[in-house]
Undergrad: 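Here it is, the structure, as structure tokens.
Every chain is numbered from 1, with letters handed out A, B, ... down the list of sequences.
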Amino acid sequence: MRYWLFKSEPSTWSWDDQVAKGDAGEEWDGVRNYQARNFMREMKIGDQGFFYHSQSEKAIVGTVEVIAEAHPDSKTDDARWECVDIKALNPVKTPVTLDQIKADERLSDMVLVNNSRLSVQPVTETEWRIICDLAGLPG
DNA sequence: GCCAACGTTGGC
DNA sequence: GCCAACGTTGGC
């Protein structure tokens, strides 16, 4: 199993929106970037990810699980763009902020730190465990 | 609200 | 196939 990070502007699609979809989950649509799309193509059902709020909040606020592998993005006719479906798994006890992540040298190689614009990113197992710990999650 | 960074587009 | 122009993202 692999780990990922999904970034969203809370004003567009927030953690609460994701939670409201329950176990049915929702397409992670709207990705128009090849790198991000390619990562989604690598995802398998059961992979887990962090849900990150960009913009005003800049913090990891929950975890999600991949429930459908890459398929065409229903929001566009452009066959290039695909997406996976994800469902909310656990809310964090404590949001893990970008500042915290930047301040932790164990996390200095995270894509979030080094390529902040990439909206879908891989997370290593080590990073996953560290952040789960910071977030108060069993991980 | 600004601006830097970056990715995509389109003209050549 | 290159590269300038442009648009978007996201941190500050």
Undergrad: Could you identify which residues of residues 95-104 of chain A place a heavy atom less than 4.0 Å from some atom of DNA chain C, listed by residue number, or say none?
TA: Leu98(A), Lys102(A)

Undergrad: Give the first and the last nucleotide of DNA chain B, reading 5' to 3', that has any atom under 4.0 Å from a heavy atom of chain A.
TA: dA5(B) to dT9(B)

Undergrad: Consider only side-chain N and O atoms of Glu127(A) and Thr124(A), and report whether a donor and an acceptor are under 3.5 Å apart.
TA: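 Side-chain D/A pair, Glu127(A) to Thr124(A): present.
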
Undergrad: Looking just at side-chain N and O atoms, do Asp73(A) and Thr76(A) make a donor-acceptor pair shorter than 3.5 Å?
TA: no

Undergrad: Under 4.0 Å between a side-chain nitrogen and a carboxylate oxygen: does that hold for Arg37(A) and Glu82(A)?
TA: no

Undergrad: Counting only heavy atoms not in Asn114(A), do more than 12 fall under 6.0 Å of its CG?
TA: yes

Undergrad: Using the ring centroid of each side chain, check whether Tyr34(A) and Trp81(A) are separated by less than 6.0 Å.
TA: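 Yes, ring centres under 6.0 Å apart.
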
Undergrad: Dump the intermediate steps for salt bridge (Lys or Arg N to Asp or Glu O under 4.0 Å) on Asp23(A) and Lys87(A), then the final yes or no.
TA: CA-CA 6 Å; Asp23(A) 286 344; Lys87(A) 70 169 185 182; 3.7 Å; yes

Undergrad: Give the ring-plane orientation class for Trp4(A) versus Phe39(A), where under 30° counts as parallel, over 60° as perpendicular and anything between as tilted.
TA: tilted

